[in-house]
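Following: one structure in structure tokens, then a few remarks.
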There are 2 protein chains.
Amino acid sequence: MNGLKSLTERQAAVYNFIVEKIQNRGYGPTVREIAEEFGIRSPNGVMCHLKALEKKGAIRRSPHKSRAIELVHDSVQRERGLVLAGRVAAGVLHEAVEQNERIDLGDMFHGPNLFALEVSGDSMIEAQIADGDYVVVREQPTARIGEMVVAETEDGDATLKYWYPEKNRIRLQPANSSMAPIYVQDARIRGVIVGVVRKIG
Amino acid sequence: MNGLKSLTERQAAVYNFIVEKIQNRGYGPTVREIAEEFGIRSPNGVMCHLKALEKKGAIRRSPHKSRAIELVHDSVQRERGLVLAGRVAAGVLHEAVEQNERIDLGDMFHGPNLFALEVSGDSMIEAQIADGDYVVVREQPTARIGEMVVAETEDGDATLKYWYPEKNRIRLQPANSSMAPIYVQDARIRGVIVGVVRKIG
DNA sequence: GGACCTAGTGTACAAATGACTATAGTTATG
DNA sequence: CATAACTATAGTCATTTGTACACTAGGTCC
């Protein structure tokens, strides 16, 4: 998930703590600060992690200096942004393959379970979402009635619609009065739409 | 040049050295590192500067911790984000006072002459811009025919419309078929719209 | 089973580092 | 001229902090 190679869960946690400190406070933690944060009762417990992080190339250290932890990937800098997961059809169904592009929407939209999709088609036009817009999606398996979702139908296609579960079927309602709703027996919710971004010109 | 108040030449030099270290290396200098850099032969020489810098509000320090220098103006790094300059009316004219809020849209929208406005009203609804959306504006005094602009009319109000200069007047065209265009003799362009951002839920 | 990685506890030590006192030269400012 | 502010030297002290050593324990891999 990060560009870092195979950090263990614990190592990643330590790494994130270091990054957080540097970001929030301007200077990194000491060995003992890390120990306290993670309930480790020996400086050496932390030393192991730091050595591992350095060996794996996540950080660089200057020996015998205090707080001398340097982040190798100016990670946070580059780790900003949401995964641009592909194009989602609002009209005809397209494929939504996960790609590796990223789109940086800054503080307004960022989080571990957010991603972005480019919208294709005009079926949500009356919800003020046009062809070429990007929707920000919060990944989650459920939605409330009437929420706008990215849904995956039985044949594996993804689409952007309003979510209306009915008795024996699910109505995927476009926001376009010239288009008819789609009815499916089953569909999986990929996430709900929490934002829209459009670039003009 | 900085927002810092009346640092002496020496103090400014020390401050810049600290900033440079933090930027380049990721962690700040120790008292003795600063001393060496400036040829000061006693730690106390530096302590005086640090105390002065702290008193003048340029830095913040945690006592008895190493390298614990925090920059108060988190200068370049955290200047991300666009100024949220206020609300712009798309229906009735509102005031667009410059506020101090910021909105971070990341790499997609950032630059020295970009700012954001919250949209008020539905007059651009057919351009898929709804009440409560944010528009990203590139500040510039001119626009091409038909571009969407933030225009300031003679009475000082700002509005979001399509820009249609005509022979003896200017037509400010809403994107709402139930609304009539506004005609003005003169209007100043504050900028053109380069993006739209909407937060849902 | 043995080699190896991860993840610790606990203790101890030496170096790194901030903070302090005392002293003093310089430059403005009233 | 006196006072204050800024800058600096010299040396000392106490704390912070990185590092090392010895030892334990749970995994994985061959």
Side-chain angles (χ1 to χ4, degrees), chain A residues 1-2 4-22 24-72, chain B residues 1-2 4-22 24-72:
Chain A
M1 121 189 187
N2 292 358
L4 307 175
K5 46 179 134 181
S6 66
L7 294 186
T8 64
E9 202 175 329
R10 197 69 166 156
Q11 286 163 1
V14 171
Y15 180 78
N16 288 335
F17 176 68
I18 295 170
V19 171
E20 185 209 306
K21 280 294 169 192
I22 292 178
N24 293 352
R25 205 171 50 168
Y27 53 90
T30 63
V31 171
R32 284 170 181 79
E33 276 175 5
I34 298 173
E36 192 184 6
E37 170 74 14
F38 290 94
I40 298 174
R41 262 171 293 187
S42 166
N44 193 43
V46 175
M47 286 296 289
C48 288
H49 290 134
L50 293 183
K51 281 175 186 163
L53 285 173
E54 187 163 26
K55 201 170 70 180
K56 291 182 181 178
I59 62 175
R60 206 178 308 125
R61 305 186 67 209
S62 299
H64 297 283
K65 290 175 146 193
S66 68
R67 299 178 197 272
I69 301 174
E70 206 173 333
L71 302 178
V72 171
Chain B
M1 91 193 189
N2 292 358
L4 308 176
K5 47 178 137 182
S6 67
L7 294 186
T8 63
E9 202 175 329
R10 197 71 164 154
Q11 285 163 3
V14 171
Y15 180 78
N16 288 335
F17 176 68
I18 295 169
V19 173
E20 184 208 306
K21 280 295 170 192
I22 292 179
N24 293 353
R25 203 172 52 167
Y27 52 90
T30 64
V31 172
R32 285 170 180 79
E33 275 175 6
I34 299 173
E36 193 184 5
E37 170 73 14
F38 290 94
I40 298 174
R41 262 172 290 187
S42 165
N44 194 40
V46 175
M47 286 297 289
C48 288
H49 290 133
L50 293 183
K51 281 175 187 163
L53 285 173
E54 187 164 25
K55 200 170 69 182
K56 292 183 181 177
I59 63 174
R60 207 178 306 126
R61 306 186 66 209
S62 299
H64 297 284
K65 291 175 145 192
S66 68
R67 298 178 200 273
I69 301 174
E70 204 172 333
L71 301 179
V72 170

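Throughout, a chain's letter reflects where its sequence line sits, starting with A, and its residues are numbered from 1.
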| Between D/dT7 (P) and B/Arg41 (CZ): distance, integer Å | 17 Å
| message | Counting only side-chain nitrogens and oxygens, does B/Lys65 get under 4.0 Å of the OP1 or OP2 atom of C/dA19? | response | no
| So does B/Glu33 pair up with B/Lys21, basic N to acidic O under 4.0 Å? | no
| request: To the nearest Å, give me how far apart CD (B/Glu9) and P (D/dA8) are. | output: 11 Å
| query | Are side-chain heavy atoms of B/Leu71 and B/Tyr15 found at a separation under 4.5 Å? | reply | yes
| B/Glu36 has an atom CD; how far is it from atom P of C/dT17, in whole Å? | 11 Å
| task | Name the nucleic acid region contacted by A/Pro63, choosing base, sugar-phosphate or nothing; use a 4.0 angstrom heavy-atom cut-off, strictly under. | result | sugar-phosphate
| message | Taking 4.0 Å as the cut-off, does a side-chain nitrogen or oxygen of B/His64 come that near to OP1 or OP2 on D/dT17? | response | no
| query | Can a donor-acceptor pair be found between the side chains of B/Tyr27 and A/Ser62 at a distance below 3.5 Å? | reply | yes
| note | Of D/dT7, C/dG8, D/dT9, the nucleotide closest to the side chain of B/Ile40 is D/dT9
| query | Want to settle it: does B/Val46 or A/Leu50 sit nearer the 5' end of DNA chain D, counting the closest nucleotide to each? | reply | B/Val46
| message | In whole Å, I'd like the distance from the CG atom of B/Leu53 to the P atom of D/dC6. | response | 11 Å
| task | Please identify each residue that fulfils salt bridge (charged side-chain N to carboxylate O under 4.0 Å, His left out) with B/Lys51, with sequence neighbours left out. | result | none
Nucleotide N/O to protein N/O under 3.5 Å, stretch nucleotides 22-29 of chain D:
| residue | atom | partner | partner atom | Å |
| --- | --- | --- | --- | --- |
| D/dA22 | N6 | A/Asn44 | ND2 | 3.3 |

| query | Between D/dA8 atom P and B/Lys51 atom NZ, what is the distance in whole Å? | reply | 15 Å
| Does B/Arg61 have a side-chain nitrogen or oxygen under 4.0 Å from the phosphate oxygens OP1 or OP2 of C/dA19? | yes
| Is there side-chain contact between B/Ile59 and B/Glu70, with at least one heavy-atom pair below 4.5 Å? | no
| D/dT7 phosphate, OP1 or OP2, under 4.0 Å from B/Thr8 side-chain N/O | yes
| message | OP1 or OP2 of C/dA7 versus the side-chain N and O atoms of A/His49: is any pair under 4.0 Å? | response | yes
| said: By nearest heavy atom, map B/Ser62 and A/Lys55 onto DNA chain C; which one lands nearer the 5' end? | reply: A/Lys55
| query | Hey, does the side chain of A/Ser66 come within less than 4.0 Å of C/dT17's phosphate (OP1/OP2), counting only N and O? | reply | yes
| request: Inspect the surroundings of CD in B/Glu36 and state if more than 12 heavy atoms from other residues, nucleotides or ligands are less than 6.0 Å away. | output: no
| request: Only one of B/Ile18, B/Val19, B/Asn24 passes side chain to side chain contact (heavy atoms under 4.5 Å, CB included) with B/Ile22; say which it is. | output: B/Ile18
| remark: From CD1 of A/Ile69 across to P of C/dA16 the rounded distance in Å is 17 Å
| Nearest-angstrom distance from the residue atom CZ of A/Arg67 to C1' of D/dT19 | 17 Å
| query | Roughly how many Å is it from CZ in A/Arg32 to P in C/dG10, rounded to a whole number? | reply | 14 Å
| message | I'd like to know if the side chain of B/Arg67 and the backbone of B/Gly28 have a donor-acceptor N/O pair within less than 3.5 Å. | response | yes
| said: Base, sugar-phosphate or nothing for A/Ser42? Non-hydrogen atoms, less than 4.0 Å. | reply: base
